[in-house]
Every structure is written in structure tokens, then in C-alpha cells.
Undergrad: 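Okay, here's the structure, questions in a sec.
Residue numbering restarts at 1 for every chain, and letters A, B, ... go by the order of the sequence lines. Note that the structure is predicted; figures quoted are calculated from it, not measured.
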Amino acid sequence: MNEIPARYNPKEAEDRWYQFWEERGLFSAQAGPAKKPFCIVIPPPNVTGILHMGHALNNTIQDILIRYHRMLGCAALWIPGTDHAGIATQNVVEKALAKEKLRRQDLGREKFIERVWQWREQYGSTIIKQLKKLGASCDWSRARFTMDEEYSKAVVEVFIRLFELGLIYRGTYIINWCPRCQTALSDEEAPHRELKGNLYYIKYPLVVGHVSCVFGLTKTRGPRPTAHDEYIVVATTRPETMLGDTAVAVNPKDKRYKHFIGRTLILPLVNREIKIIADNMVDMEFGTGAVKVTPAHDPNDYGLGKKHGLEFIKVMRPDGRMNENAADYKDMDRFEAREVILEDLKEKGLLEKVQPHQLSAGHCYRCHTLIEPYLSKQWFVKMKPLAGPAIEAVKKGKIKFYPKRWTKVYLNWMENIQDWCISRQIWWGHRLPVYYCKNCISHIDIKDNDKRLAISDKPKGVIASRTRPEKCPVCGSSDIYQDEDVLDTWFSSWLWPFATLGWPNIGSRIDKIHPSPSTLHPSPSDIEYFYPTSVLVTAPEIIFFWVARMIMAGFAFIGKKPFRDVYIHGTVRDIEGKKMSKSLGNIIDPLEIIAEYGADALRFSLVSLTAQGQDVYLSKERFEQGRNFANKIWNASRFILMNLDPGYKNEDLSVFFSKNKLSRINRWILSRFYAALKEVNRSLGAYKFNEAANLLYSFFWHEFCDWYLEMIKVDLKNSENQLVMYKALEKSLRALHPLMPFITEEIWQRLGSWGQSPPVFPQEGTVPPKLRSIMTEPWPHVQEQIIDKEVEKEMCLVFDVITLVRNMRSELGIPLQADIPVRVCLASRQKRGLLEAMSGQIKTLAKLNELRIEEHYARQEHEYAAIALGLHVVIPLAGVNGAGQYKEKLTGRIKETISAIKAKEAVLAKTDFIRRAPAEIVENEKAKLKELKNTLSKLKAVEDALK
RNA sequence: GGGCUCAUAGCUCAGCUGGUUAGAGCGUUGCGUUGACAUCGCAAAGGCCAGAGGUUCAAGUCCUCUUGGGCCCACCA
């Protein structure tokens with residue numbers, strides 16, 4: 001007991017208590033009618049993930065909510081898990097293979113997938129371990145992985161259902177193609193970024209009559225002098241795609257080009273004839289008003305191509321190199337081809353000019369490679385029908401975003417939703433449950449040399465099936481093969497809130513383990529009980545990827561929303577406002593912070609910095625605040641533990657209260673505790689975590705430690721003080737527990753069962769065998785009747801007097817060692833009584849050897865200095881050398897007070913104010929004026945006394 | 001092009017539905033080893049709340065515009 005170290009050592013305590021909680025199964029929650037459900041599903045981190053500050057913030061918030069609700073008596077379930085993260089994981093494993101000089105193709109699909117699973121076995125739980133370090137109280141027994149067998153069933157089920165509803169289709173479209181990952185990506189996976197590019201103006205020669213203008217086609221003959229109508233200049237940012245041009249489009253209203261419509265051009269470098277077409281889509285203002293049309297390499301041009309029946313000529317291979325349609329440029333990389341093509345055009349005099357041009361283009365969200373709009377056959381989900389209920393639910397407030405502004409972002413995206421490209425040309429993921437009968441289907445993949453495309457791809461001979469079909473249901477052939485593609489990772493993530501609760505197997509896990517003995521009150525299944533989940537805590541980046549899609553999936557497959565609230569926290573940035581990222585090298589590693597300052601310090605600092613919806617700017621020093629606070633809690637507790645007398649009885653506080661036995665100071669601290677607690681409840685209920693953190697911080701540090709503990713030091717062994725200091729600490733620990741789970745447990749356990757016999761105090765470094773845990777103790781209940789504004793006001797006066805004396809001492813340069821006598825003069829008899837009653841504490845805290853409390857301020861000889869704040873506090877000035885300085889300050893203060901009085905008088909002189917402002921406010925202002933005047937007269941009296 | 005967001009003390013930020021003398025942490029300056037804590041205590045200095053208009057009895061707070069940061073979305077050849 002008396003060997004409590006002066007410094008808290010988080011390292012040792014944290015692992016010990018985490019193990020304690022986990023071994024006792026305190027994280028698990030079960031469906032049952034006795035409690036209210038509270039459920040959060042974790043945003044599943046990637047299996048490849050390592051804990052960064054974003055995770056730390058995200059999971060701290062969730063853990064606070066879970067621990068808070070657990071203490072409130074809910075069945076609080078936090079479902080953890082990881083995401084298989086298709087492309088990201090495949091990339092990681094491929095990198096590992098590359099070290100062995102292997103490509104995945106060398107292994108083959110099956111062997112490669114085996115390797116990924118191996119990798120997952122070895123490294124996949126890294127982030128889970130790290131979450132435990134943070135203190136996350138997830139129910140680990142329910143951990144899910146999006147590639148689990150059970151989970152995969154949900155994925156297949158959803159695919160089949162959508163397919164049967166006609167909401168999944170296959171088609172050939174321009175999609176976002178990453179030439180490095182060599183897969184299609186959804187629009188969300190190809191975020192736009194600013195690029196510094198050029199706008200190239202290229203001359204396309206006109207065919208005159210039926211004979212081509214041949215200039216520029218041979219290298220020997222240079223361009224001949226040109227008349228205006230001999231070529232059309234088009235502007236492009238991607239000249240390499242010109243090889244696939246099949247038209248040039250102009251606006252039909254454009255007078256400059258009207259007479260060219262329908263005429264033929266020669267496509268330079270490949271010498272193909274292309275037509276000039278007219279379309280309203282063409283912006284006359286941009287470039288030259290004439291646009292080259294490349295239907296196979298640009299989404300806009302694709303539309304034009306379909307509309308005008310143009311040819312679709314692909315000039316690139318999936319790896320971003322030019323194909324056989326690219327004439328001399330075959331096998332060149334797309335960027336190399338651009339350079340060479342520009343050189344060639346320049347040489348032929350066909351490059352009119354080059355203009356710097358800012359543009360933005362899609363980049364692969366996994367490897368940041370510039371996306372190539374690429375024509376290919378992919379699978380899509382029709383999203384419009386799914387969006388309807390998801391829009392309505394948010395509009396009607398059934399699902400609420402915190403902060404509110406994200407509602408608009410969500411609705412805007414949902415209302416303009418595009419079909420979702422879900423097929424990926426990678427190996428790691430859920431393979432499409434689609435099979436083809438060789439016999440039935442002439443299933444021709446697009447070859448690079450296909451110039452014409454069948455636009456419609458009706459699924460004839462395509463079988464979508466939950467299990468691999470033995471035979472073709474149409475022709476009976478057994479020559480069946482499965483689609484090679486896998487599904488977008490997010491196609492499994494969007495099922496997370498219900499797939500983790502056992503869908504589509506509705507039977508509850510609990511039912512299986514503990515069959516309900518009573519038919520009257522059968523245990524609800526997990527999904528019945530916990531779904532819809534309570535709140536989703538996530539980052540803004542994945543609103544479209546994940547949040548919106550989960551809402552759609554919830555309505556589509558369960559018929560209910562997946563969660564009530566969505567809390568969107570800010571992005572973690574460095575102190576310069578840059579997003580923390582590995583590549584920028586500005587990472588602050590949460591694990592390093594935990595090692596150095598402790599998980600509680602990390603959690604507290606993070607949360608106290610997170611105003612709702614604002615980004616968090618971090619530097620390492622920020623965590624010192626959390627560490628210092630943990631140390632403060634530790635030391636205040638240490639002090640209490642050292643002074644707690646085991647002989648006293650831990651009685652029920654309400655008995656004390658009802659007898660009105662408690663001293664003013666004790667009533668005050670309890671009142672302040674409950675007042676703060678009430679605010680904490682309100683803050684947590686509104687997801688204002690920084691407010692909750694700061695309320696508890698300032699209560700504990702500045703009220704409990706700085707005032708309360710200092711004051712009761714006067715009479716520590718008093719049984720009432722013993723009781724209240726114990727109670728206030730114990731309750732504070734419980735209120736702090738969701739924020740700082742480890743240190744609160746450590747101290748709470750050391751407090752043991754004080755006052756009960758026999759007291760149990762665990763030894764340092766050991767875990768007591770049968771102890772309860774603070775994490776399953778009830779959250780303190782706000783005792784309204786204990787909140788006492790009168791007592792708070794009274795104590796304010798006491799604090800004012802002490803502060804005033806200290807202030808004067810400091811100003812007058814009277815050292816703290818010197819005990820001095822002080823006179824306090826005030827008219828109110830009641831207040832005098834109050835100060836009289838508290839004089840012991842006042843004398844101690846202000847270091848006085850004498851405190852005289854008088855009714856009237858009687859002017860004395862020079863030996864007194866004084867200052868007023870509705871009362872006179874008088875300090876003898878004899879032998880003090882700071883007096884001159886003090887006089888100056890006094891004059892300043894008088895001036896300030898006079899101007900404050902003038903300002904108030906001006907306000908009160910306005911008839912509009914008296915007439916329109918609420919009476920309460922007017923009264924308030926009048927009272928203030930009176931007090932100011934009172935203060936002024938006292939200040940003046942002091943000034944006189946000093947003369 | 002559309003939308004969002006921020007601008008408050010030297011620094012990083014709070015400030016809920018408009019109503020005391022605008023707060024905190026860090027930093028700065030004094031003083032301090034007082035029975036837990038120097039990862040501490042006491043005190044102090046420091047703000048025309050970005051700028052300009054407007055609404056109101058009353059504006060850091062609401063509205064409009066301007067300036068300057070940040071972010072998101074868009075079929076910006």
C-alpha cells in the first residue's frame with residue numbers, strides 16, 4: 001500500500017489488465033431480452049493494415065461508446081474483423097513474391113491464393129494485436145474476416161439475389177483501368193487528381209473531293225502552304241489515343257465548321273479516313289471547337305461512338321502498351337508513345353501548338369498509377385433501384401449523420417448514383433458465382449484487335465449459381481467453367497453489418513450454444529436483437545465506398561437500415577495540416593506513443609483534440625497532455641490511497657445526504673461532480689467527445705485536485721472527508737473509464753473494497769483472482785438532488801477570497817513562506833458567517849496566520865493595502881517593497897471599472913433595450929452595474945487609504 | 001463548374017439554440033522542494049474574434065460580399 005510509485009507505469013499495467021478483461025470474457029455481449037442492445041460494427045481494417053493514427057482515433061471513439069454503454073447497462077457488442085482487401089493484399093503478396101523473383105503467374109492461381117492465405121496466417125492478425133494494445137473492448141470471439149466461409153456465403157447470396165432481380169448485368173463499357181494492377185476499378189476507386197498537362201493542337205487534313213490531301217504523309221515532302229479549309233485542328237490532352245480516333249466532332253451550331261460536317265479527314269500517322277460529325281455535346285468554346293473522337297478510349301467519346309455508330313478501335317493492351325492497331329507505335333508504353341507521336345507530328349508539321357493545361361484525371365487508389373479509360377467487358381450493379389430507400393431513410397431522419405453536413409454529401413452522391421463496376425481482374429477475392437456453358441454460349445472475350453463490338457451482352461448461357469452447377473440447365477452439358485474475375489472488395493464490405501451477425505443463416509449463434517429452455521421467452525437471434533446496429537463510426541473518405549453502400553444493402557437484403565447514427569470523425573493530419581501518410585514520412589506511430597506515454601494518454605489526447613467533424617492536427621507533444629493527466633490521476637489517487645484509513649466504514653452517501661450532515665466543501669465537490677457528469681452524459685450522447693474529455697479533465701484536475709483535496713488536507717482523517725474523498729475518486733474513475741480504461745482499472749482495483757471487511761488490495765504486478773472489474777460496474781447515476789447551485793455559489797466566494805489574497809501577495813511580492821494577517825470586510829452577515837466557517841481552509845490555502853472578518857471597512861493608517869471585489873480584502877503593507885507597483889495597478893483597475901460602468905450605463909440608457917430585451921436580461925445588467933459601482937467605491941476607498 | 005469547410009491569445013484549437021469582463025492546452029514571465037504529483041503548485045502577461053457591409057435592443061455567434069487556406073464532387077476534349 002505505501003509502496004505506490006510516484007509515477008504511473010502504463011506499460012506494465014496495460015497488458016496485465018487487458019489480459020484480465022479478455023480472460024474473463026468481459027468483452028462479449030449476448031442477445032437477450034433483459035438488456036437493451038447497443039451494437040457497433042468495426043470498420044474492418046485491411047488484413048494488410050498496421051495501426052496508424054486514423055485507426056487509433058476511429059477505434060478509441062468506438063471503444064468509448066462501447067464502454068460507456070456497457071456501463072450504462074446495455075448489452076454492448078462491438079463486432080471486430082478484418083477485410084480481405086483484394087487489390088491491396090494481392091499487391092503486398094506479389095511484392096513478397098518478387099523478392100523470390102517470382103510473379104503470381106509463375107505460381108498459378110491456386111498456388112498464389114494459397115500463398116495469400118499463408119501470408120494472412122502469418123501477418124493478418126497484426127492489426128488485431130495492435131487494437132488490443134489500444135484497449136479496444138471488441139468481442140473477439142465474434143471476429144469476422146470477409147473471406148471466411150460463412151461470410152462468403154453472404155456474398156454469393158447477395159450476388160445471386162441481385163442477379164435474379166435483374167440488377168446485375170454484364171456489359172462492355174469504358175471503365176477505369178489500372179494498367180499496373182491490370183484490373184478494372186469502380187469510379188470511387190479512381191479518385192481524380194490535378195495534373196499539369198498540355199493541350200496539344202493537332203492538324204487533321206481534309207480529304208479534298210475524293211482525293212486525300214497527301215501532305216505530311218510522306219517524310220520527303222514537307223507540308224505545303226495551306227489554305228484554311230485544308231485541315232481541321234483538334235485539341236487533345238492525350239495525343240496517343242488519336243491512333244484510335246474514328247471521327248472528329250463539331251457543334252452543329254458552330255459557324256466555323258458548319259460546312260465541314262459530313263466531310264472526311266485523314267487521320268495522320270495511321271492514314272485512316274474518318275468523318276466529321278456534328279453533336280451538341282461539343283463545347284464550341286473549348287480548344288478549337290473540334291474534338292477528336294476515340295470511342296474505345298474515352299468515356300465521352302464512347303457515348304458519341306454509340307450514338308453515331310462509329311467504330312471502336314482499341315489501341316492499347318491491358319498493360320498500358322500500344323497494340324497492333326497502333327501501327328508503328330506497337331509495344332510502346334502509353335507515355336513513350338505520346339512522346340514519339342508528338343515528335344512525328346511535329347516533323348510532319350501537323351502539331352500546330354502546345355498549351356500548358358491543368359487537368360485532373362483518375363488515379364488508382366491502391367498504386368496511384370494514372371488510370372486509363374479502357375473499353376472492356378465487366379459486371380455491373382444497377383444502383384438506382386437500390387438507392388431509393390437509402391435516400392428516403394436519410395431524408396426522413398431515420399439515419400442521422402453527425403455532423404449533419406455529411407447528409408448533403410451523401411444525398412448528392414446517392415441522387416447521382418452511377419452503376420457499380422464490381423468485377424476485378426485479380427485473383428484474391430470472392431470469385432464471381434457465375435458459370436458459363438461452353439456449349440450454349442459463344443462467349444468471346446474482347447480481343448485487342450476487335451474493331452467492332454457487340455454492344456449488348458445478354459446473359460445467354462450464363463449461369464449464376466450459389467454452388468457450382470454439375471450440368472448446364474439448358475443443354476445438359478457438363479462443359480462448364482467459372483468466370484475468372486473476382487468481386488470488388490467493397491462488394492463484401494457492404495454486407496458487414498448483417499453478415500457479421502450471421503446473415504443469411506438466421507439461426508442465432510447463441511441459440512445453438514445455449515438452446516433456450518423456455519418457449520415463452522425464446523432468445524432472439526443475434527440479428528433480431530442487435531440489428532439495426534446503433535452507430536457507425538468512420539472517416540469521411542469512405543462515405544461512398546462503404547457507408548452509402550451499407551445503407552443500400554441493409555434495405556435491399558434485410559429490409560431495415562443497418563445503423564441509426566453515422567458519426568464521421570475528422571482526418572488525422574500532421575501539425576502542418578498534411579494528411580498523415582507513409583509516403584510523406586510524417587507519421588506519428590500510435591504504438592510508439594503507447595510505448596512512451598501509454599494507451600490512456602494516447603486515447604485521451606486524441607479525443608480531447610477531436611471537435612466534432614474537425615480534422616485533428618497532431619504533433620508528438622500533444623500526447624504529453626494525456627500523459628500528464630494520467631499522472632495527475634495516478635498521484636491524486638496515490639494520495640488518497642495513502643490517507644484512506646481502513647478502519648472507516650464505506651457508507652451509503654445518500655444516507656449522509658438525507659441527514660444533511662455533509663460539510664459545505666463535501667457538498668460542493670459532489671455537486672460539482674454530478675453537474676460535470678450530467679454534462680458528460682449530454683456530450684457523449686451528442687458524440688462530442690472532446691467536450692466530455694475536457695469536462696472530466698477540468699473537474700478532476702482543477703476542482704477535485706486543486707481545490708478539494710487541498711482543502712480537506714486541513715482535516716484529512718475526518719470520517720466524512722474520508723468517505724467523500726473516496727466516493728468522489730471512485731465515481732470519477734468510473735466516469736473516466738471509457739476514456740482511459742487502463743489506469744482507471746489499475747487504481748479502482750487498488751481502491752479495492754475499502755470500508756468493507758476484509759479489504760482487498762491487490763499486490764503490484766498481480767491480477768487478483770476473483771475481482772470485479774470497473775468496466776462492468778455501473779456508470780454513475782446523476783443525483784439531481786445533490787447538485788446544489790447555492791453551495792457552488794458559496795464556495796465561489798471562498799475561492800475568490802483565496803485567489804484575491806494570492807493575487808495580492810504575488811503583486812505585492814510577499815513570498816509564500818511568509819505567513820501574514822489579513823482582514824476581510826463585507827456587509828453581508830451570511831457571507832461573513834460562511835467565511836468564518838471556512839476560515840481554517842482559507843488560512844491554509846492563502847497562507848495566513850490571521851484572518852479577521854469584519855462588517856465594515858474602516859480606514860486605517862498607511863499600513864494597509866487593499867483590493868476590492870464586492871468586498872474588502874486587506875493586507876498589511878508594512879515592509880513590503882512592491883507597494884508602488886501595486887498602486888499603479890490599482891489606478892489601472894479603477895480606470896477599467898469606470899469604463900465598464902460607462903458601457904453598462906449606455907446600454908441601460910437605451911429605451912429599446914429596456915423595452916425589447918427579456919426582463920431577465922435587463923435585471924441582470926442592472927445588477928451588474930450595481931456591483932461595478934460598489935466595486936468602484938471600494939477601490940477608491942483603498943486608493944485613499946494608500947495616499 | 002458545383003458543393004463543403006476553416007480563419008478567435010505566440011502556437012494548436014474550444015466557444016451548443018445571438019445576452020456577464022471571449023476560454024483551454026502548450027509556450028512565455030515572476031515566485032515556489034507547502035503532508036500525492038516538477039509529467040507539479042501559485043500568480044501574471046497576451047485577443048479590434050480575417051476584412052467590409054447588413055439584420056437586431058444586443059453579433060465571435062445569424063445573413064451577404066471580399067480576401068486567404070484546406071477538402072470533396074463533376075463526362076475540364
Side-chain angles (χ1 to χ4, degrees), chain A residues 4 6-8 174 191-192 199 234-238 241 249 281-283 286-288 290-294 298-303 357-361 373 405-406 408-409 412-413 416 540-541 543-544 571 573 575 577 579 597 601 605 608-609 611 613-619 621-622 624-625 627-643 682-683 686 688 690-691 694 697-698 705-706 709-710 713 716 803 806-811 813 815-817 844-845 847 896 900 903-904 907 910-918 920-922 924-925 927-928 931-932:
Chain A
I4 304 166
R7 285 191 183 185
Y8 171 55
I174 298 268
H192 282 56
L199 197 53
V234 298
T236 180
T237 54
R238 294 192 300 151
T241 64
M281 241 187 69
V282 179
D283 179 359
F286 192 91
T288 60
V291 55
K292 62 192 262 322
V293 183
T294 324
D298 182 280
N300 282 326
D301 297 2
Y302 174 81
H357 181 69
Q358 276 275 101
L359 73 158
S360 78
R405 71 184 132 93
W406 295 108
K408 218 173 157 184
V409 175
N412 184 49
W413 186 78
N416 298 295
E541 300 95 271
I543 291 179
F544 307 142
T571 306
R573 299 174 184 283
I575 208 73
K579 200 167 163 175
Y597 299 116
S605 288
S608 69
L609 289 170
Q614 287 311 119
D615 287 350
V616 189
Y617 291 74
L618 280 182
S619 66
E621 298 79 63
R622 293 307 186 83
E624 285 172 12
Q625 190 196 359
R627 178 201 57 182
N628 294 355
F629 185 42
N631 195 246
K632 190 71 184 176
I633 296 171
W634 180 256
N635 271 295
S637 307
R638 178 167 174 256
F639 173 73
I640 291 168
L641 279 165
M642 287 189 325
N643 287 290
R682 203 184 46 78
S683 300
K688 296 190 171 175
N690 64 324
E691 277 184 13
N694 294 330
Y697 178 91
S698 79
C705 293
D706 289 350
L709 288 183
E710 290 306 321
K713 275 179 185 175
L716 256 182
T803 304
R806 286 170 171 174
N807 177 321
M808 287 172 69
R809 291 182 74 120
S810 183
E811 282 178 2
L816 269 170
Q817 294 97 318
T844 308
L845 269 69
K847 285 289 279 176
E896 274 170 32
K904 277 276 172 292
V907 169
K910 285 207 285 190
T911 47
D912 272 351
F913 175 70
I914 308 292
R915 217 174 51 222
R916 300 205 176 178
E920 201 187 330
I921 301 289
V922 176
N924 230 330
E925 291 296 301
K928 266 179 248 158
E931 197 176 315
L932 280 168

Undergrad: Closer than 3.5 angstrom, by distance alone: can the side chain of A:R809 be matched with the main-chain N or O of A:K847 as a donor-acceptor pair?
TA: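 A pair under 3.5 Å: yes.
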
Undergrad: Which value, in whole Å, describes the distance between the C1' atoms of nucleotides B:C72 and B:A45?
TA: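 Each nucleotide's C1' atom is 42 Å from the other's.
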
Undergrad: Tell me which nucleotide, if any, is Watson-Crick or G-U wobble paired with B:G25 when both distances must be under 3.5 Å.
TA: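 Matched B:G25 with B:C11 under the 3.5 Å cut-off.
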
Undergrad: Within 45° of the six-membered ring axis of A:Y697 and under 6.0 Å from that ring's centre, is NZ or CZ of A:K632 located there?
TA: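 No, a cation-pi geometry is absent between A:K632 and A:Y697.
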
Undergrad: Counting any heavy atom closer than 4.0 Å, what does A:A917 reach on the DNA or RNA strands: base, sugar-phosphate only, or nothing?
TA: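 Base contact.
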
Undergrad: Quick one: label A:R915 by what it contacts on the DNA or RNA (base, sugar-phosphate, nothing), any heavy atom closer than 4.0 Å.
TA: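 It contacts nothing in the nucleic acid.
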
Undergrad: So what does A:S608 touch, heavy atoms closer than 4.0 Å: a base, only the sugar-phosphate, or nothing?
TA: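 It contacts nothing in the nucleic acid.
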
Undergrad: Answer yes or no: does a side-chain N or O of A:K904 lie under 4.0 Å from OP1 or OP2 of B:U21?
TA: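 Checking A:K904 against B:U21: at least one side-chain N or O falls below 4.0 Å of OP1 or OP2.
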
Undergrad: Looking at B:A36, does its base get a donor-acceptor pair with the side chain of A:K713 below 3.5 Å?
TA: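 Answer is yes: a donor-acceptor pair is held.
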
Undergrad: Distances under 3.5 Å only, N/O to N/O: pair up the protein atoms with those of nucleotides 24-32 of chain B.
TA:
residue, atom, partner, partner atom, Å
B:G25, OP1, A:H702, NE2, 3.4

Undergrad: Check step by step if salt bridge (charged side-chain N to carboxylate O under 4.0 Å, His left out) holds for A:E710 and A:K713.
TA: CA-CA 5 Å; A:E710 290 306 321; A:K713 275 179 185 175; 3.1 Å; yes

Undergrad: Considering Watson-Crick and G-U wobble pairs with both distances under 3.5 Å, what does B:A52 pair with?
TA: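 Here B:A52 is engaged in a pair, and the nucleotide opposite it is B:U64.
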
Undergrad: Using a 4.0 Å heavy-atom cut-off, does A:K632 contact any base of the nucleic acid, only the sugar-phosphate backbone, or nothing at all?
TA: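 Contact class for A:K632: base.
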
Undergrad: With a 4.5 Å heavy-atom cut-off, do A:D298 and A:R238 have their side chains touching?
TA: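 Contact flag for A:D298/A:R238 side chains = yes.
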
Undergrad: Please find the pair of heavy atoms, one from A:S605 and one from A:Q625, that lie closest to each other, and give the distance.
TA: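 That would be OG-C, 4.2 Å.
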
Undergrad: According to the Watson-Crick and G-U wobble definitions, with both distances under 3.5 Å, which nucleotide is paired to B:C4?
TA: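 For B:C4, the partner nucleotide comes out as B:G70, under the 3.5 Å rule.
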
Undergrad: So A:W413 and A:I543, side chain to side chain contact (heavy atoms under 4.5 Å, CB included) or not? Walk me through it.
TA: CA-CA 10 Å; A:W413 186 78; A:I543 291 179; over 6 Å; no

Undergrad: Just name whichever nucleotide pairs with B:G32, Watson-Crick or G-U, keeping both distances under 3.5 Å, else none.
TA: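 Result: B:C40.
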
Undergrad: Checking all strands, does A:R627 fall into the base, sugar-phosphate, or nothing category for heavy-atom contacts under 4.0 angstrom?
TA: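 Contact class for A:R627: base.
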
Undergrad: Let me know, please, whether A:A361 or A:Y8 comes out on the 5' side of the other along RNA chain B by nearest nucleotide.
TA: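 Nearer the 5' end of the strand: A:Y8.
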
Undergrad: Under 3.5 Å, which protein N or O atoms sit close to an N or O of nucleotides 1-5 of chain B? Give each pair with its distance.
TA:
residue, atom, partner, partner atom, Å
B:G3, O3', A:K408, NZ, 3.4
B:C4, OP1, A:K408, NZ, 2.9

Undergrad: Taking any heavy-atom pair under 4.0 Å as a contact, classify A:V293: base, sugar-phosphate, or nothing.
TA: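 The residue A:V293 makes no contact with any strand.
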
Undergrad: When we call it a touch if two heavy atoms are under 4.0 Å apart, what does A:D283 touch: a base, just sugar-phosphate, or nothing?
TA: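 Answer is base: heavy atoms of A:D283 come under 4.0 Å of a base.
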
Undergrad: Under 4.0 Å, counting only non-hydrogen atoms across every strand here, what does A:A290 touch: a base, just sugar-phosphate, or nothing?
TA: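 The answer is base, as A:A290 lies within the cut-off (heavy atoms under 4.0 Å) of a base atom.
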
Undergrad: So, A:N635 side chain and A:N631 main chain: donor-acceptor pair closer than 3.5 Å or not?
TA: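 Here the side-chain-to-backbone pair exists.
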
Undergrad: Output all residues satisfying ring-ring contact (aromatic ring centres under 6.0 Å, His included) with A:H357, sequence neighbours left out; order by chain, then residue number.
TA: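 For A:H357 the ring-ring contact (aromatic ring centres under 6.0 Å, His included) partners, ignoring immediate neighbours, are A:F286.
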
Undergrad: Once you apply a heavy-atom cut-off of 4.0 Å, does A:P191 come out as touching a base, just sugar-phosphate, or nothing?
TA: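 Nothing, no heavy atom under 4.0 Å.
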
Undergrad: Classify the nucleic acid contact of A:E710 as base, sugar-phosphate or nothing, counting any heavy atom under 4.0 Å across all strands shown.
TA: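 Base, at least one base atom sits under 4.0 Å.
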
Undergrad: Mind checking who B:U17 pairs with, Watson-Crick or G-U wobble, both distances under 3.5 Å?
TA: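 By the stated definition (distances under 3.5 Å), nothing pairs with B:U17.
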
